Structure formats: C-alpha cells, structure tokens
Trainee: 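Sharing a structure here in structure tokens format.
Along the sequence shown, residues carry numbers from 1. None of these values were measured; they are calculated from a predicted model. Heavy-atom basis, side chains included; hydrogens, waters and symmetry copies ignored.
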Amino acid sequence: MLQKMKKLVSMFLAMSVLITTMAIVDTKAVQAEEEDLQPVINEVTNLIAENDHDYVKLTWNHVPSQGLYDEVFDIYVSNKPDGEFKLVEKSYAGQVYYDEPKRGITHYYKVVVHGQDYYDNDYYSDGVVSDGIKVSLIFGVINGTKSIKGKGIEIEIAMNDEANEYNIYRSDSRNGTYAMIATRVVALSEITKSYIKYIDQTALIGKQYYYMVAPVAREGDVVEEGAVSDPVAGKLIYAVTKISSTFSKKPRINTIKWNRTSDANGYKIYCSKKNKKNYKLIKTIKGNKTCKYTHRKLTNGVAYNYKVVAYKNTYYGRIEGNAVNHKKYCDYYTYKDESYSSKRKRILGKKGKWYKSDKKARKHMKTVIVKVWDKQGGKWFSRRFYLQVNKALAPSVKKCFKEIYKARARVPIHEMGCYSWRGKGSTSEHCLGAAMDINSYENYMIDGGKVLAGGFWKPKKNKYSIPLKCKMVTILRKYGFERGFWGDRKDYMHFSYFGG
C-alpha cells in the first residue's frame, strides 16, 4: 500500500512539473508574439519645400506606420537649419501644406510623424528637415531724388509692407560699383504710409551720383536683404536761381531781375524763343553785385524764355546751379493775340478792378496826338486828333497810327474818338479808354438788319467807310485792336483792345 502511495505521489509531481513547464513555454511564446507586433513609426520621405507664388508649398511621402492609428504630421518652422523649431501646424489631411512666411527670410521646415497605438501610447518619428526656402521681398523702388541746398540729396523710397528697413547704395556712375551709405533706414527718416525720405548729407555739390535701395527683412537675429532697385540719378545742386521780376519799360527790350545767391562768383543768362528748347548763352555776369540784365533788340509781341544760372569757382573747378524757366513777352507795345490776363493786367493792374466813376477813370487817361490822312476833292491832307486813351495804351496807339500814317495804302479819317464814360455798370471799353470809334457815321453799328448807331457802311462807294480788309485794319490788329463783330451785331466803326 505504501509503495502504491509513493508511486501516485511521484506521478502527481511529474504531472505538476510538466504543466508548469508548458505554462512557461506558452508565456514566452506570447511575449515573443507581442514583441513581434511592437509598433514601428515611419518618418516622412522626399520632403520638398518650393515657392508657389506668395506661399511656400511643402510636400512629402509617407508609408503608414505598423501598429499605429490616428497618425498626424506635425510641421515645424525655423529661420535656421539648426535653430529652434516652432510648431506651426498639425496636418491630418494629407501630405501637402501651404505656408505664408515672412518675405525675405530663409525658412526651414521640419515634419515629424506622430501616432498612437491601441493603448493610446504616443510615438514620434525622427524629424525630417527641408532645404532652406525663401519668398523673395518685392524689390526696392526709388520714386525720385531732390536736391536740398544746405542739406544734401533727398531720396524718396517707396514703402514695402513686407520690409522692416532699407539699405541705400551709391555709386559715381550708373554701372559702377555701389557702396552702402546707409543701413536700417527707417528711424531717422521722414515716414508716411507710402514712402520714406532719406537725405544723403555726404554728397558733394555739383557731382552726379546714382542710388539704389534694397528692402531688408528682419526676424529675430536673422537679417536678409531683398533685390535692389534700378539706379536713380541725383545731384546736389549748388543753387536754384529764380527770376523775381521782368518788365519792358522801353521798346524792344526786356529787363529781368533775379534773386541773389550769396556766395556766387557770377551768373550765366540763357534765352530761347522755342518753348524752353535750344537755350543760348546771351550774357555772363562776373561778380555777385549785379542781379539785373537788359535784353535788347527784341521783337514786340514775341515770347522769350529766360534762365539765370549761378556759378561758383571751387578747388575742384566751376560748379553751376539750376534755374527756373521764366517766360517774358516783349510787350512794351500791345500785340496781336495777347492773352486776356495780360491785357487786363496792363489796363487794370494787378488788382484788376474796374473804374467806378468818370472821375476815377480820367486819372488813368492820357491825351495823345495822332496824325492821320484825310481826302477832299481828290487831294490828300493831314489831320491831327487829340485822343484820350488809357495811359497803358498810349505808346501803342501812337506807334500804331504812326505806322498807319506811313503806309502807302491810305484810309481817310475825318472823325474819331476813344475815351467816353458810359455810366457806372457799363461794360463798354470806351469807359476804359481801350476802344476807338473811327468815322462813326460812315461805319454804322447794326444788329441783324437794324441800325443801332451811325448811318451806313458802303466801302465801295464811300471813302470814309472802312473796308474789311485794308492796311489800316491790318495794323490795328497787329497791335491787338479788333473790330467790333459779335455774331449778328456788327460795329464797323469800333476797334477795341479786348475785342469787345
């Protein structure tokens, strides 16, 4: 019996060892299987960053990771390849991402794959970094340059919304070597919403320079420069001389005066008759005391364009300033096609006020003696008329009738008048002493078929009726006196300065 009991115990022990051994073997198998199913996270491949208009387009390839779900692409950016990367986006949708970075700065993008297993454990791949990519700044633009005496050359830079500041370069020639003369141009400049003004205070007077500007982007300690502008010329002008006044106080001359330039060694005077072109030097004045010049032997009624240029002798040679064009008619006498503003100024002065009474009007009148021809019984003889005319027209009236008297083709005159006060509020030029009536009875005024003044107009039958075309009419028109024709109303006796 005891022997049987020992045998049963031995068999029990053997079975227990076998079961334990089998359990250990099964556990190791499960562990081995679990180790074989450990998630493997795949990093992205073929990461490419490229420009797409104003954006950066990021693309990559990725093979789904084993044993993970809800994979996300974490996108980071930095302005240095080995710098601190900042998370900017978590992309769930796919393998394309668009970014709008700060222009002008090179950026680097890193993509990290992030996933979770079935137990919500997080897994991260190694980050893959792109090559550097930059959305270029809009190139610089210089609106223009301006010389500012005593300060320098002012450079106006068009504002660029993406730029933090600007660098300015200068050269002595358009295609020469450009050196930076100013950096971080913003704080010390005049700024508006559309432009920045910077003054080059190192420019030498009279020397030609060329300028270019480059926008600069700044992000942290990273600074990058955009494309430079086209070159723009600039010159610091010695002085700008302006003509202060002009006048013609004698026939065939213009006198011009200009503002003195304190340190000038002299002035050059130029003149042109062809609309500010083909200027010719007409006088060089040495010294700084004389600021007036009289131009002689001119043609009345012709416009002359003048420029006065100041010059200064320096160690480097003579430098010259700029000038402002000034147009001046030789207008001692009145002339054909004289502008209305010129006529009004001549008669009524700068204020242009109409005379209010006969008494005030007479203060502006002058009596002139004109010699004319008359004819009686086939014989020509001289007459003298004492005309009251506006003082400003007296020289022109005398000159005009002198030419009429000397002309071969004579027109007889037996009666004429000029100044006549027609009452307050009247717009008649006779109130100004600016209109003449000649042979009034034989040269009527009509409106349609109705006679308003005078008797008739028969130039082919009556010697005192003035033809439409004759030497006298031509000479009167030469000096700006037009016949009184206004549509259906025609005043054959009337010749007026304003044409009315």
Trainee: Between Ser171 and Arg174 (side chain of the first, backbone of the second, donor and acceptor by atom type, cut-off under 3.5 Å), is there such a pair?
Mentor: no
Trainee: What do the steps show when you test Lys328 against Ser248 for side-chain hydrogen bond (donor to acceptor under 3.5 Å, both in side chains), and what is the final call?
Mentor: CA-CA 9 Å; Lys328 174 67 175 75; Ser248 297; 3.0 Å; yes
Trainee: Mind checking whether Tyr270 and Tyr306 have ring centres under 6.0 Å apart?
Mentor: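 No, the ring centres sit 6.0 Å or more apart.
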Trainee: Heavy atoms, side chains only, cut-off 4.5 Å: are Met472 and Ile413 in contact?
Mentor: yes
Trainee: Is there a side-chain contact (heavy atoms from CB on, under 4.5 Å) between Ile155 and Ile168? Walk through the geometry before answering.
Mentor: CA-CA 9 Å; Ile155 305 159; Ile168 299 176; 4.1 Å; yes
Trainee: Taking all non-hydrogen atoms of both residues into account, name the closest pair between Val232 and Gly144 and its distance.
Mentor: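 The pair with the smallest heavy-atom distance is CG1-CA, 4.4 Å.
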Trainee: Could I get the full list of salt bridge (charged side-chain N to carboxylate O under 4.0 Å, His left out) partners for Arg218, not counting sequence neighbours?
Mentor: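 Residues passing salt bridge (charged side-chain N to carboxylate O under 4.0 Å, His left out) with Arg218: Glu165.
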Trainee: Treating Ser147 as the side-chain partner and Ile237 as the backbone partner, does any N or O pair qualify as donor plus acceptor under 3.5 Å?
Mentor: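 Checking the backbone N and O of Ile237 against the side chain of Ser147, a donor-acceptor pair under 3.5 Å is found.
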Trainee: Kindly indicate whether the side chain of Ile153, heavy atoms from C-beta on, has any atom under 4.5 Å from the side chain of Ile148.
Mentor: no
Trainee: Are the charged groups of Asp447 and Arg489 less than 4.0 angstrom apart, N to O?
Mentor: yes
Trainee: Which residue pairs satisfy the ring pair (Phe, Tyr, Trp, His ring centres under 6.0 Å) criterion with at least one member in residues 156-180, sequence neighbours excluded?
Mentor: none
Trainee: Taking the side chain as C-beta and beyond, is there a heavy-atom pair between Ile466 and Ile438 under 4.5 Å?
Mentor: yes
Trainee: Can you list the steps and then say if Asn164 with Lys102 is a side-chain contact (heavy atoms from CB on, under 4.5 Å)?
Mentor: CA-CA 11 Å; Asn164 297 97; Lys102 182 175 179 61; 3.1 Å; yes
Trainee: Is there a side-chain contact between Tyr444 and Asp491, using heavy atoms and a 4.5 Å cut-off?
Mentor: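 Not in contact.
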Trainee: Just do the side-chain hydrogen bond (donor to acceptor under 3.5 Å, both in side chains) check on Asn439 and Glu415 with the steps written out, would you?
Mentor: CA-CA 5 Å; Asn439 297 343; Glu415 172 261 332; over 6 Å; no
Trainee: For a quick test of reading the model, state the closest non-hydrogen atom pair linking Ala49 to Val56 and the distance between them.
Mentor: CB-CG1, 4.3 Å
Trainee: When you measure from the side chain of Ser130 to the backbone N and O of Tyr108, does any donor-acceptor pair fall under 3.5 Å?
Mentor: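 No, because the side chain of Ser130 does not come within donor-acceptor range (under 3.5 Å) of the backbone of Tyr108.
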Trainee: Would you mind listing every ring pair (Phe, Tyr, Trp, His ring centres under 6.0 Å) that reaches into residues 421-441, with sequence neighbours excluded?
Mentor: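 Ring pair (Phe, Tyr, Trp, His ring centres under 6.0 Å) check on residues 421-441 returns His430-His494, Tyr441-Phe456.
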Trainee: Could you report the tightest heavy-atom contact between Leu468 and Val473, atom names first, then the distance?
Mentor: O-CG1, 3.7 Å
Trainee: Does the side chain of Val213 come within less than 4.5 Å of Val141's, by heavy atoms?
Mentor: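 With C-beta onward as the side chain, the pair stays apart.
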Trainee: Taking 4.0 angstrom as the limit, do Glu224 and Lys134 come out as a salt bridge?
Mentor: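 Answer for the salt bridge query: yes.
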Trainee: Is there a side-chain contact (heavy atoms from CB on, under 4.5 Å) between Tyr198 and Glu154? Walk through the geometry before answering.
Mentor: CA-CA 6 Å; Tyr198 174 81; Glu154 180 184 87; over 6 Å; no
Trainee: Taking all atoms of both residues into account, what is the closest heavy-atom pair of Met212 and Pro231, and its distance?
Mentor: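 Looking at all heavy atoms of both residues, the shortest contact is CG-CA, 3.7 Å.
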Trainee: Go through the structure and list residues passing side chain to side chain contact (heavy atoms under 4.5 Å, CB included) with Arg296, not counting sequence neighbours.
Mentor: Ile253, Thr294
Trainee: Can a cation-pi geometry be assigned to Lys250 and Tyr332, taking NZ or CZ under 6.0 Å from the six-membered ring centre and within 45° of the ring axis?
Mentor: no
Trainee: Can you name the closest pair of heavy atoms from Ala217 and Ile105 and give their distance?
Mentor: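 The answer is O-CD1, 3.5 Å.
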Trainee: Under the rule for salt bridge (charged side-chain N to carboxylate O under 4.0 Å, His left out), what residues qualify as partners of Lys343, not counting sequence neighbours?
Mentor: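 None.
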Trainee: Is any side-chain heavy atom of Asp358 less than 4.5 Å from a side-chain heavy atom of Tyr419?
Mentor: yes
Trainee: Show your working on side-chain hydrogen bond (donor to acceptor under 3.5 Å, both in side chains) between Tyr329 and Asn254 and close with a plain yes or no.
Mentor: CA-CA 8 Å; Tyr329 279 86; Asn254 278 340; over 6 Å; no
Trainee: Run the ring-ring contact (aromatic ring centres under 6.0 Å, His included) test against Trp373 and tell me which residues pass, sequence neighbours left out.
Mentor: Tyr405
Trainee: Between Asn443 and Asp437, is there a side-chain heavy-atom distance shorter than 4.5 Å?
Mentor: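 No; the side chains remain at least 4.5 Å from each other.
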Trainee: For a 4.5 angstrom cut-off between non-hydrogen side-chain atoms, does Lys273 reach Asn305?
Mentor: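 In short, these two side chains do not touch, never coming nearer than 4.5 Å.
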Trainee: Any pair with a residue in residues 209-250 that passes ring pair (Phe, Tyr, Trp, His ring centres under 6.0 Å), sequence neighbours left out, goes on the list, sorted by first then second residue, please.
Mentor: none
Trainee: List the residues meeting ring-ring contact (aromatic ring centres under 6.0 Å, His included) with Phe485, not counting sequence neighbours, and say none if there are none.
Mentor: Tyr492
Trainee: Please evaluate residues Thr255 and Lys249 with respect to the criterion side-chain contact (heavy atoms from CB on, under 4.5 Å), reporting the C-alpha separation (whole Å), side-chain torsions for both, the decisive distance (0.1 Å), and the verdict.
Mentor: CA-CA 8 Å; Thr255 299; Lys249 289 189 175 181; over 6 Å; no
Trainee: Show every donor-acceptor pair shorter than 3.5 Å between a side-chain atom in residues 384-395 and any protein atom, with sequence neighbours excluded, or say none if there are none.
Mentor:
unit_1 : atom_1 : unit_2 : atom_2 : d
Gln388 : OE1    : Arg362 : NH1    : 3.2
Asn390 : OD1    : Ala392 : N      : 3.0
Asn390 : ND2    : Tyr355 : OH     : 3.1
Asn390 : ND2    : Leu432 : O      : 2.9
Lys391 : NZ     : Lys363 : O      : 3.0

Trainee: Using a distance-only test with no angle check, is there a side-chain donor-acceptor pair under 3.5 angstrom linking Gln208 and Asp172?
Mentor: no
Trainee: Can you list the residues that meet the salt bridge (charged side-chain N to carboxylate O under 4.0 Å, His left out) rule with Asp99, with sequence neighbours excluded?
Mentor: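 Counting only residues at least two positions away or on another chain, Asp99 forms no salt bridge (charged side-chain N to carboxylate O under 4.0 Å, His left out).
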Trainee: Determine yes or no for a side-chain-to-main-chain donor-acceptor pair under 3.5 angstrom, with Ser173 supplying the side chain and Gly176 the backbone.
Mentor: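 Yes.
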Trainee: Can you give me the closest heavy-atom contact between Ala214 and Gly226, atom names plus distance?
Mentor: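 Closest heavy-atom pair between Ala214 and Gly226: CB-O, 3.7 Å.
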Trainee: Let me confirm one number: the NZ-OH distance from Lys478 to Tyr333, rounded to the nearest 0.5 Å.
Mentor: 10.0 Å
Trainee: Can you check whether Val308's main-chain N or O pairs, donor with acceptor, with Tyr293's side chain at less than 3.5 Å?
Mentor: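 Answer holds: no.
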Trainee: Quick one: does Ser342's side chain have a donor or acceptor within less than 3.5 Å of a partner on Glu338's backbone?
Mentor: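 Between the backbone of Glu338 and the side chain of Ser342 there is no qualifying donor-acceptor contact (under 3.5 Å).
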Trainee: Start with the C-alpha gap between Ser426 and Ser428, add the side-chain angles, then the distance that decides, and say whether side-chain hydrogen bond (donor to acceptor under 3.5 Å, both in side chains) holds.
Mentor: CA-CA 6 Å; Ser426 171; Ser428 171; 4.7 Å; no
Trainee: Under a 3.5 Å threshold, yes or no: a donor from one side chain and an acceptor from the other, between Arg170 and Thr202?
Mentor: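 The answer is yes; a qualifying pair exists.
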Trainee: Can you list every side chain to side chain donor-acceptor pair (under 3.5 Å) pair that touches residues 458-471, not counting sequence neighbours?
Mentor: Asp374-Tyr464
Trainee: Can a side-chain donor-acceptor contact be found between Glu442 and His414 if the only test is distance below 3.5 angstrom?
Mentor: yes
Trainee: Sequence neighbours left out, cut at 3.5 Å: what donor-acceptor pairs do the side chains of residues 281-292 make with other protein atoms?
Mentor:
unit_1 : atom_1 : unit_2 : atom_2 : d
Asn288 : OD1    : Tyr267 : OH     : 2.5
Asn288 : ND2    : Thr261 : O      : 3.0
Asn288 : ND2    : Ser262 : O      : 2.9

